[in-house]
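Quick notes on the structure that follows.
Not measured: the values here are computed from a predicted model. So that the names make sense, note that chain A is the first sequence line, chain B the second, and so on, each numbered from 1.
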Amino acid sequence: MPEGPSLYILKEQSARFIGQEIVHAGGNVRALDPQRLVGQRILKLHTWGKHFLIEMPDLVVRIHFLLFGTYRIDEDRDKVPRLSVKVADGGEMNFYACSVKEIDRATFEAYDFSADVMSETWDPKSARKKLRAEPGMLACDALLDQDIFSGVGNIIKNEVLFRIRVHPLSTVGALPAPKLRALVDEARQYSFDFLEWKKQWVLKQHWLAHAKTICPRCDIPFSKAKLGKTQRRSFYCERCQKRYE
DNA sequence: TGGAATGTTGGAAC
DNA sequence: CGTTCCAACATTCC
């Protein structure tokens, strides 16, 4: 479920709930009493990277799907929802195995949507500035930094680095300006490619690097390792992805 | 079938 | 007090 493009799909699918009044709420969420949502109107639905935000007059709820979270719109599944919301016109949204929290108004106001690679207000210049401010950061860590590339996950990380031919252990500060620019631009571009493929149920077959064993460009075996401070899986080609350091 | 994975947090350890 | 490390969470797939 995770990664920004999937949240973008949820945002599209749930758009008709905006303006609706919540008439019933439930679920096994512990951090929040679902009853507090009853009677609230959904003012807006936002995504920021992997966060889904339900904005209501008296509270804002943040849903994060972590690794295994799922959701259903206008139907349920064979699990107890973490949070279930039913609105006046009969529609419902159900969220499973996710983190559900109320966030305070100040936290909500502080969201910087221009850091979201899927956002129409995405600010590539700001992303480059943040990268230049941390020259020692590894490329594989940079892409997963949600304050720089909100919404990018491990799949997008591997695909972006392969596309731009940059080794995951490259140092951000060592990247030539055009490469730095390509890193930022491709983070967004690949996210939208991901979105289209995901909608068509053909995402996996378009992977060139993630979970692959052979480099499709030069046919040698990929390297696979848990790299960087995040220790997430990296799949990369030692021959065609250059290591800048 | 056990292990690993599209992720993050919170608390322990240093 | 700052940072780093690791367990915990929870589901699906191979």
(request) Map every base of DNA chain C to its dot-bracket character, where paired means a Watson-Crick or G-U wobble contact with both distances under 3.5 Å and | marks a partner outside the strand. (result) .||||||||.||||
(request) Measure from NZ or CZ of A:R77 to the centre of the six-membered ring of A:Y96, then state whether that distance is under 6.0 Å and the direction lies within 45° of the axis. (result) yes
(request) Mind checking the CG-CE spacing from A:L143 to A:M137? Nearest 0.5 Å is all I need. (result) 10.0 Å
(message) Between P on B:dT6 and CH2 on A:W197, what's the gap in Å once rounded to a whole number?
(response) 18 Å
(request) Measure the spacing between OG1 of A:T70 and NZ of A:K79 and express it to the nearest 0.5 Å. (result) 9.0 Å
(request) Would you mind reading off the distance between A:I63 atom CD1 and B:dT8 atom C1', rounded to a whole angstrom? (result) 16 Å
(request) Check DNA chain B against residues 141-159 of chain A and give the residues with a non-hydrogen atom under 4.0 Å, in numerical order. (result) A:Q146, A:G153, A:N154, A:I155
(request) For C:dA7 versus B:dA4, give the span between their P atoms, rounded off to a whole number of Å. (result) 14 Å
(request) Over 60° means perpendicular and under 30° means parallel, so classify the ring planes of A:H206 and A:W197, tilted if in between. (result) parallel
(message) Nearest 0.5 angstrom please: A:K44 NZ to A:I54 CD1, how far?
(response) 15.0 Å
(request) To the nearest Å, give me how far apart CG (A:L227) and P (B:dA5) are. (result) 13 Å
(message) If I take atom NE2 in residue A:H210 and atom P in nucleotide B:dA5, what distance separates them, rounded to the nearest angstrom?
(response) 9 Å
(message) Looking at A:D145 and A:K130, is any side-chain nitrogen of the basic one under 4.0 Å from a carboxylate oxygen of the acidic one?
(response) no
Could I get a table of every N or O pair under 3.5 Å where one atom is in the protein and the other is in nucleotides 9-14 of chain C?
| residue | atom | partner | partner atom | Å |
| --- | --- | --- | --- | --- |
| C:dT12 | OP1 | A:R77 | NH1 | 3.2 |
| C:dT12 | OP1 | A:R77 | NH2 | 2.6 |

(message) In whole Å, measure the gap between the C1' atoms of C:dC5 and B:dT6 for me.
(response) 23 Å
(message) As an exercise, state the distance from CZ of A:F113 to NE2 of A:H51, rounded to the nearest 0.5 Å.
(response) 10.5 Å
(message) Taking atom CZ as the centre, does A:R243 end up with more than 12 heavy-atom neighbours from other residues, nucleotides or ligands that are less than 6.0 angstrom away?
(response) yes
(message) For B:dT8 and A:R62 - does any side-chain N or O of the residue sit under 4.0 Å from the phosphate oxygens OP1/OP2?
(response) no
(message) If you compare all heavy atoms of A:P34 against all heavy atoms of A:V29, which two are closest, and at what distance to 0.1 Å?
(response) CG-CG1, 3.7 Å
(request) Determine the interplanar angle of the A:F235 and A:H210 rings, folded into 0 to 90°, and report it as parallel if under 30°, tilted if 30 to 60°, perpendicular if over 60°. (result) perpendicular
(request) Can you tell me the distance, in whole Å, between the NZ atom of A:K224 and the P atom of B:dG3? (result) 15 Å
(request) Establish, with yes or no, whether the OP1 or OP2 oxygen of B:dA5 is under 4.0 angstrom from a side-chain nitrogen or oxygen of A:R233. (result) yes
(message) Could you check whether A:K198 pairs with A:E3 (Lys NZ or Arg NE/NH1/NH2 to Asp/Glu carboxylate O, under 4.0 Å)?
(response) no
(request) Compare side-chain N and O positions of A:K101 against OP1 and OP2 of B:dT9 and report whether any pair is under 4.0 Å apart. (result) no
(request) Name the nucleic acid region contacted by A:K50, choosing base, sugar-phosphate or nothing; use a 4.0 angstrom heavy-atom cut-off, strictly under. (result) sugar-phosphate
(request) Could you check how far CG of A:L195 sits from C1' of B:dT6, rounded to whole Å? (result) 15 Å
(request) Evaluate the ring planes of A:F162 and A:F222, with Trp represented by its six-membered ring, and classify them as parallel (under 30°), tilted (30 to 60°) or perpendicular (over 60°). (result) perpendicular
